[in-house]
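What follows is a set of notes on a single structure, which appears directly below.
Small disclaimer: the values here were computed from a predicted structure and weren't measured. In what follows, every heavy atom counts, from backbone to side chain, and hydrogens, waters and symmetry copies are set aside.
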Amino acid sequence: MSSDDLAQHDALQADDKLMAQVVSRRTFLKATLGLFAAGWVSMMVYPFFRYLTSSVKLSGAEEVTSVSLGGAETLAPGTGKNFQFGSKPALIVRDTDGTFHAYDAMCTHLGCTVQFKDAKDGIWCACHGGKYDPSTGKNIAGPPPKPLAKLDVAVVEGNIIVSKPGVTLSNKAVES
Amino acid sequence: MMAQMLKNKVYGWLDQRFALGTMQELAGKKTVPVHRHSIWYYMGGIAVMFLIIQVLTGGLLMLYYVPEISAAHASIVTINSQVDFGWFVRSMHSWGANLMILALFVHLFTTYFLKAYRPPREITWLTGLGLLVVVFGFGFTGYLLPWDEVAFFATKVGLDIASQVPFVGETIATILRGGADVSQATLSRFFVIHVFLLPLALVALMGVHMLMVQLHGMSRPDSVKDQAVREEKFFPTFVLKDLMVWLLLFNLLAAFVSFYPWGLGPEADPFAAAPAGIKPEWYFLGMFQFLKVLPAYIGPFEGEHVGMALFALIGLAFVVIPFWERGQNPVRKMWAELFGSVILFLFIVFTVWGMLL
Ligand code: HEM
Ligand code: FES
């Protein structure tokens with residue numbers, strides 16, 4: 001190759017480089033159009049997504065932080081009962097020694113509602129046979145991977161008051 | 001004379017508009033092979049018959065059913081006890097749904113073992129799988145509508161399983177549920193899915209499925225490939241036989257409906273404990289039983305997640321089978337047969353096990 005040729009070759013290569021850096025009109029328009037299209041599609045999809053995931057209460061109870069279950073004598077030691085805690089199912093059990101324990105009754109396995117069965121089986125879930133310890137809520141048998149969520153129980157002037165954990169009794173609006 | 005002329009005129013008019021001649025020609029071309037596995041060619045048609053029954057009885061049920069949580073259960077009680085022959089229509093819908101799913105299982109496994117999924121019928125196979133998913137959707141959403149105890153908890157558990165799918169599960173479950181709890185929003189959504197969305201999807205998928213069947217004709221299993229088999233005309237011979245089978249099964253359905261009318265459990269109470277002995281419908285029972293016997297943890301994973309990953313893999317295998325076992329490799333054929341047999345065996349074992357408990 002002559003030196004002339006070489007110089008020309010270099011110049012051509014430089015040209016190519018420049019072309020590669022400068023985005024061609026076609027690429028630019030395509031990218032812009034793509035961006036607009038993506039923006040437009042998200043704008044169209046967003047309202048429908050929000051519509052579908054919107055959590056309005058169509059019916060049923062509002063937020064509740066505590067409920068009263070009536071006199072302590074209504075729940076004999078060694079028994080339990082299901083009750084409604086706001087919009088959630090809940091469970092209260094009474095140990096043979098008389099202490100109360102309350103739980104969110106939603107099974108930690110797949111969300112069935114658990115019940116107190118008897119002294120032998122403790123808290124039991126009918127769906128897949130999960131079992132929990134009545135005095136701690138700990139998962140002790142079957143598929144549940146976690147303990148039941150606890151609720152607080154207090155006996156105030158002879159009445160059982162169940163409340164969300166961490167809510168102090170003084171500022172609880174107790175509803176009966 | 002007159003009648004003949006009139007007939008010709010009417011035919012001519014219709015022919016010009018609908019190209020009847022071409023259609024007749026097409027219908028005349030299709031034949032169905034006659035051999036010892038021919039009986040399985042009736043299965044898809046049986047599903048079509050049950051589908052027609054579902055659409056008709058479903059439309060009738062909608063006249064009295066009220067998709068509102070404080071009225072739904074009562075409206076089914078009314079259908080069962082007050083509406084003349086309400087029990088009959090409702091039982092027909094419920095029994096029809098179950099027999100249809102049974103027919104679909106038979107259809108799926110027989111086409112599988114006859115290798116009807118092989119090229120060029122991949123699309124037929126895939127739309128068929130899609131149809132099964134749609135019909136499962138009908139079963140799952142329809143089950144909630146009477147708003148009885150078992151329905152309520154079956155839905156709760158089903159949606160909780162869905163919510164465990166990584167990344168998208170929670171969003172999907174929330175959209176289906178219409179919030180965090182099974183409530184009025186859930187019933188409304190399930191109703192819309194059951195009577196509007198799924199029927200649309202079903203019609204679309206069925207259109208493609210049937211179009212493919214017409215285009216490709218019936219497949220021939222390997223075992224009769226080299227034999228000279230007789231062919232019979234699809235129209236009218238096979239269609240008439242089809243209708244005879246329909247008549248037979250329709251009578252069977254009517255017998256079930258009359259002798260074992262569909263029951264209804266007590267109304268759902270969202271705050272009561274799940275009742276003992278709770279189970280999903282039999283077609284989900286195998287999977288349910290499998291999840292039930294898994295331990296809480298398998299290694300570092302929750303048993304549930306392992307089970308669901310396994311179901312997903314099995315589903316995936318059914319999707320890719322027509323692209324992998326194309327009838328050219330005897331080893332793959334053997335594996336496909338083994339896989340199908342194992343799945344069928346496990347499905348039956350776990351379903352029966354679930355029923356016995
Ligand atoms: C366009 C077609 C359909 C319509 C309009 C329709 C409509 C309805 C209505 C209004 C109900 C509530 C009444 C009741 O629970 O008895 C219902 C329930 C039900 N449907 Fe459908 N349906 C259709 C198709 C299907 C299909 C294809 C299946 C197939 C699996 C199916 C399975 C069910 C089930 C399992 C129930 C619950 C039955 C019960 O326990 O009472 N439906 N359907
Ligand atoms: S939902 Fe309670 S054990 Fe599965």
Side-chain angles (χ1 to χ4, degrees), chain A residues 48-61 63-64 67 69 80-93 103-118 121 123-132 138-148, chain B residues 68-70 149-150 152-164 170-189 268-280 288-298 301-305 307 354 357:
Chain A
F48 294 103
F49 178 76
R50 287 292 301 274
Y51 183 91
L52 285 172
T53 50
S54 157
S55 60
V56 283
K57 280 262 179 311
L58 293 177
S59 59
E63 265 313 292
V64 161
V67 296
L69 295 179
K81 75 169 181 198
N82 286 77
F83 64 97
Q84 173 177 358
F85 191 84
S87 63
K88 306 269 181 210
L91 173 71
I92 184 162
V93 289
Y103 306 98
D104 190 336
M106 198 171 93
C107 183
T108 57
H109 178 224
L110 292 173
C112 271
T113 308
V114 298
Q115 57 187 291
F116 180 80
K117 206 167 167 211
D118 49 42
D121 282 325
I123 298 175
W124 176 72
C125 177
C127 289
H128 316 98
K131 283 181 194 166
Y132 301 87
K138 205 176 137 13
N139 47 317
I140 47 176
K146 285 193 290 256
L148 291 172
Chain B
E68 202 271 329
I69 50 173
S70 58
E149 231 170 23
V150 274
F152 180 80
F153 286 106
T155 305
K156 232 176 148 152
V157 170
L159 289 178
D160 241 70
I161 292 179
S163 76
Q164 311 234 337
E170 200 44 66
T171 312
I172 291 176
T174 308
I175 290 180
L176 288 173
R177 221 189 267 120
D181 305 303
V182 174
S183 62
Q184 175 60 50
T186 322
L187 185 61
S188 300
R189 281 163 200 231
D269 172 357
F271 304 107
I278 186 158
K279 273 177 206 178
F288 172 88
Q289 184 60 27
F290 184 74
L291 287 181
K292 192 163 161 175
V293 298
L294 283 179
Y297 284 95
I298 296 174
F301 304 108
E302 280 185 29
E304 240 62 73
H305 294 173
L357 284 188

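- In this structure, chain A has a heavy atom under 4.5 Å from the backbone of Pro270(B), while its side chain stays farther away.
- Looking only at side-chain heavy atoms (C-beta outward), Val157(B) and Cys112(A) come within less than 4.5 Å of each other.
- How far CD1 of Ile278(B) is from NE2 of His128(A): 8.5 Å, rounded to the nearest 0.5 Å.
- Arg189(B) touches chain A through its side chain: at least one heavy atom from C-beta onward sits under 4.5 Å away, while N, CA, C and O do not.
- Shown here are the side chain to side chain donor-acceptor pair (under 3.5 Å) partners of Gln164(B), two or more places apart in sequence or in another chain: His305(B).
- Note: Thr108(A) OG1 to Asp160(B) CG = 10.0 Å, rounded to the nearest 0.5 Å.
- Highest contact tally toward chain A, considering only Ala276(B), Ser163(B), Gly158(B), is held by Ala276(B) [criterion: heavy-atom pairs under 4.5 Å].
- For the pair Thr113(A)/Phe271(B), no side-chain contact is recorded, criterion being any heavy-atom separation below 4.5 Å from C-beta on.
- More than 12 heavy atoms of other residues, nucleotides or ligands shown are found within 6.0 angstrom of OH on Tyr297(B).
- Of the listed residues (Val114(A), Thr53(A), Asn82(A), Asn139(A)), the greatest number of heavy-atom pairs within a distance under 4.5 Å of chain B belongs to Asn82(A).
- When all heavy atoms of Ala274(B) and Gln115(A) are compared, the closest pair comes out as O-NE2, 2.9 Å.
- For Phe83(A), the part lying near chain B is the backbone, with the side chain staying farther off; criterion is any non-hydrogen pair under 4.5 Å.
- Here CE of Met106(A) is found 8.0 Å from CG of Asp181(B). Values are rounded to the nearest 0.5 Å.
- For chain A, the nearby part of Ala272(B) is the backbone; its heavy atoms alone come within less than 4.5 Å.
- The residue among Glu302(B), Gln289(B), Glu304(B) with the most heavy atom pairs within less than 4.5 Å of chain A is Glu304(B).
- Of all heavy-atom pairs spanning Lys156(B) and Gly111(A), the tightest one is CE-O, 2.9 Å.
- If you measure heavy-atom distances from Lys81(A) to chain B, you find no contacts under 4.5 Å at all.
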